[in-house]
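See below for the structure under consideration.
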Amino acid sequence: MNSIATVPGSDSDNADRYAQLVRSSKKAEWQIDRDLLQDRCFDFSRKFLPDGLSRIDELTFLTADEARLLSQIQGRTYAYMFGLVERFISAKMLDQGRAHVFDDQLALEALVHFSNDEIKHQELFRRIEAMMDAQLPAGYRRVADPNDVARAVLASSSWSVLALTCHIELFVQTHYKQSIAPREELCPLFKDVFKFHWMDESRHVVLDELEWKAEHAKLSPAEHDQAVNDLIALVAAVDAILQAQSAVDAAYFIGNGSRLFSVDETAQINASVVSAYRWQYIVSGVQHPHFGRLLTGMTTPAQMSRIQAALAPIMSQ
């Protein structure tokens, strides 16, 4: 898969980029059962999420079996979180497509393919959730409803939603290439789920950038300033979900352990899980160099200072 390049700014360049994305989407199209699942099952004798994302290796008091279980719980939440965000992403891209209905038909087609991919991903994550649920202990809980989250996110400005979407799909690439793909000890099916997911998101992030830049060009200074506030609020909302999910995941893990953890160990587990989730879903995207360049290029120094101040408590963990 080609690395992400800066999207050219001219209309002709953008039209060519949309056309290229349509061709790539058609060529790379895959099906859940035929190409990915193929009647396979998850291997629960292996870890799901790698230590580079889960940070479980920092909990040195865990046994190998405990570390594996916590990795599987975090892997289940990893899939749930992507299903959650893709509910609003697919809806947003359908909205973006409407702007191209009487304009660039290739742009419209590219966005329809994008939305179809996201709907397929949601089906995939629902199915693997059922597969995991059948094998992991009872009592796992999801703290946020995808439809409720989508309604709340889509009430924000388009600029902020497109910025958040670009951020998400950039960190997807980093997670897979740097942390998931190289690890041979992980469950093969879990790795393949996120390989196929990454293949699609590598195209999607180019569309995110095209749409985000186009939206940016439409805004007045006052609208842009409000959009930055919206982005800060969206990140805070994501962090609230992460804090809540990390708390129930840590409690679920502790409650299904084969021994009692000390007060100090319990505190370390809780702190580790929330730190891992913040790293996975916020920090790794904020630190992505391309996202940093895009955000800096579409904000004033004062706006960037506001964003950095809002992120400081999250980034410091």
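Residue numbers start at 1 and run along the sequence shown.
- Taking both residues in full, the closest heavy atoms of Ser220 and Glu223 are given as N-OE1, 2.8 Å, listed atom of the first, atom of the second, then distance.
- Inspection of the Ser202 and Trp198 side chains reveals an N or O donor paired with an N or O acceptor under 3.5 Å.
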- Message: Let's go through Leu69 and Ile73 carefully: what are the C-alpha distance in whole Å and the side-chain angles of both, what is the deciding distance for side chain to side chain contact (heavy atoms under 4.5 Å, CB included) to 0.1 Å, and is it a yes or a no?
- Response: CA-CA 6 Å; Leu69 175 60; Ile73 293 167; 4.0 Å; yes

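- Residue Gly292 comes nearest to Thr296 through the heavy atom pair O-OG1, 2.8 Å, listed as atom of the first residue, atom of the second, then distance.
- The structure places CD of Glu265 at 12.5 Å from OG of Ser272, a figure rounded to the nearest 0.5 Å.
- At a threshold of 4.0 Å, the pair Arg40-Asp192 counts as salt-bridged, since one of the basic side-chain nitrogens sits closer than that to a carboxylate oxygen.
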- Message: I'd like to know whether His204 forms a side chain to side chain contact (heavy atoms under 4.5 Å, CB included) with Asp200, so could you lay out the CA-CA distance, the side-chain angles of the two residues, the decisive distance to 0.1 Å, and finally the verdict.
- Response: CA-CA 6 Å; His204 295 176; Asp200 288 343; 3.9 Å; yes

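- Side-chain atoms of Glu185 do not come within 3.5 Å of backbone N or O of Lys47 as any donor-acceptor pair.
- Within the 3.5 Å criterion, the main-chain N or O of Val161 finds no donor-acceptor partner in the side chain of Ser156.
- Note that the CG atom of Leu136 and the CZ atom of Phe253 stand 12.0 Å from one another [nearest 0.5 Å].
- Under the 3.5 Å distance criterion, the side-chain polar atoms of Ser305 are matched with a main-chain donor or acceptor of Pro301.
- Looking at Glu66, its side chain does come within 3.5 Å of a backbone N or O of Thr63 through a donor-acceptor pair.
- Here Phe82 contributes atom CZ and Ile168 contributes atom CD1; the two are 8.0 Å apart, rounded to the nearest 0.5 Å.
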- Residue pair Leu189, Met131: steps toward the side chain to side chain contact (heavy atoms under 4.5 Å, CB included) verdict: CA-CA 11 Å; Leu189 179 55; Met131 294 167 67; 3.9 Å; yes

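- Using a distance-only test at 3.5 Å, with no hydrogens or angles considered, no donor-acceptor pair links the side chain of Gln74 to the main chain of Ser71.
- To the nearest 0.5 Å, the span separating CG on Leu295 from CD1 on Ile307 amounts to 4.5 Å.
- Around CZ of Arg141, the count of heavy atoms belonging to other residues, nucleotides or ligands within 6.0 Å does not exceed 12.
- Nearest heavy-atom pair, Val143 versus Ile241, reported as atom, atom and distance to 0.1 Å: CG2-O, 3.9 Å.
- Between Trp30 and Phe196, the ring planes lie perpendicular to each other; the angle is over 60°, past the 30° to 60° tilted range.
- Ring-plane geometry between Phe125 and His197 is classed as perpendicular, the angle between the planes exceeding 60 degrees on a 0 to 90 degree scale with a lower cut at 30.
- For the residue pair Asp249 / Tyr277, a side-chain donor-acceptor distance below 3.5 Å is found, with atom types taken as modelled.
- Residues passing the salt bridge (Lys or Arg N to Asp or Glu O under 4.0 Å) test with Glu129, sequence neighbours excluded: Arg76, Arg142.
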- Message: Between Gln243 and Arg278, is the side chain to side chain contact (heavy atoms under 4.5 Å, CB included) condition met? List the steps.
- Response: CA-CA 8 Å; Gln243 291 189 58; Arg278 282 175 154 178; 3.3 Å; yes

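- Nearest heavy atoms, Asp43 versus Pro188: CB-CD, 4.5 Å.
- For Asp57, the salt bridge (Lys or Arg N to Asp or Glu O under 4.0 Å) criterion is met by no residue, not counting sequence neighbours.
- Classification of the Phe190-Phe194 ring pair by plane angle, with boundaries at 30° and 60°, yields tilted.
- Side-chain polar atoms of Lys92 and Ser158 form a donor-acceptor pair below 3.5 angstrom.
- For Arg46, the CZ atom is densely surrounded, since the number of other residues' heavy atoms within 6.0 Å is greater than 12.
- Using modelled atom types and a 3.5 Å distance limit, the side chains of His288 and Gln173 yield no donor-acceptor pair.
- Classification of Arg203 and Glu169 as a salt-bridged pair fails, no side-chain N sitting under 4.0 Å from a carboxylate O.
- No donor-acceptor pair closer than 3.5 Å links the side chain of Ser179 to the backbone N or O of Tyr176.
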- Please test Asp145 against Arg87 for salt bridge (Lys or Arg N to Asp or Glu O under 4.0 Å), starting from the C-alpha separation and ending with a verdict. CA-CA 10 Å; Asp145 178 78; Arg87 187 67 54 88; 6.0 Å; no

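- Atom CD1 in Ile282 sits 12.0 Å away from atom CD in Gln287 (nearest 0.5 Å).
- Of all heavy-atom pairs between Leu311 and Val235, the closest is CD2-CG1, 3.8 Å.
- Residues satisfying the side-chain contact (heavy atoms from CB on, under 4.5 Å) test with Lys27, not counting sequence neighbours, are none.
- In this pair, Trp159 and His216 present their aromatic rings tilted. The plane angle is within the 30 to 60° band.
- Below 30°, between 30° and 60°, or above 60°: for Trp212 and Phe291 the angle between ring planes is below 30°, a parallel geometry.
- Checked by atom type, the side-chain pair Tyr140/Thr77 shows a donor-acceptor distance below 3.5 Å.
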- Tell me, with the steps shown, if Gln20 and Arg23 meet side-chain hydrogen bond (donor to acceptor under 3.5 Å, both in side chains). CA-CA 5 Å; Gln20 179 185 345; Arg23 292 192 298 271; 5.3 Å; no

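- Classification of Lys26 and Glu109 as a salt-bridged pair holds, one side-chain N sitting under 4.0 Å from a carboxylate O.
- Put simply, the side chain of Lys191 never gets that close to the backbone of Phe48: no donor and acceptor are under 3.5 Å apart.
- Looking at Tyr252, its side chain does come within 3.5 Å of a backbone N or O of Pro137 through a donor-acceptor pair.
- Counted by atom type alone, Gln38 and Asp33 present zero donor-acceptor pairs between their side chains at under 3.5 Å.
- In terms of modelled atom types and a separation under 3.5 Å, the side chain of Ser90 and the main chain of Glu118 share no donor-acceptor contact.
- Here the straight-line distance linking atom CD of Gln226 with atom OG of Ser160 works out to 9.0 Å at 0.5 Å rounding.
- Applying the side chain to side chain donor-acceptor pair (under 3.5 Å) rule to Ser258 yields no partners; only residues at least two apart in sequence or on another chain are considered.
- Listed by chain and residue number, Arg127 satisfy the salt bridge (Lys or Arg N to Asp or Glu O under 4.0 Å) test with Glu123 (two or more places apart in sequence, or in another chain).
- Considering Leu162, Thr165, Val206 in turn, Leu162 is the only one that fulfils the side chain to side chain contact (heavy atoms under 4.5 Å, CB included) rule with Glu211.
- With sequence neighbours left out, the salt bridge (Lys or Arg N to Asp or Glu O under 4.0 Å) criterion links Asp35 to no other residue.
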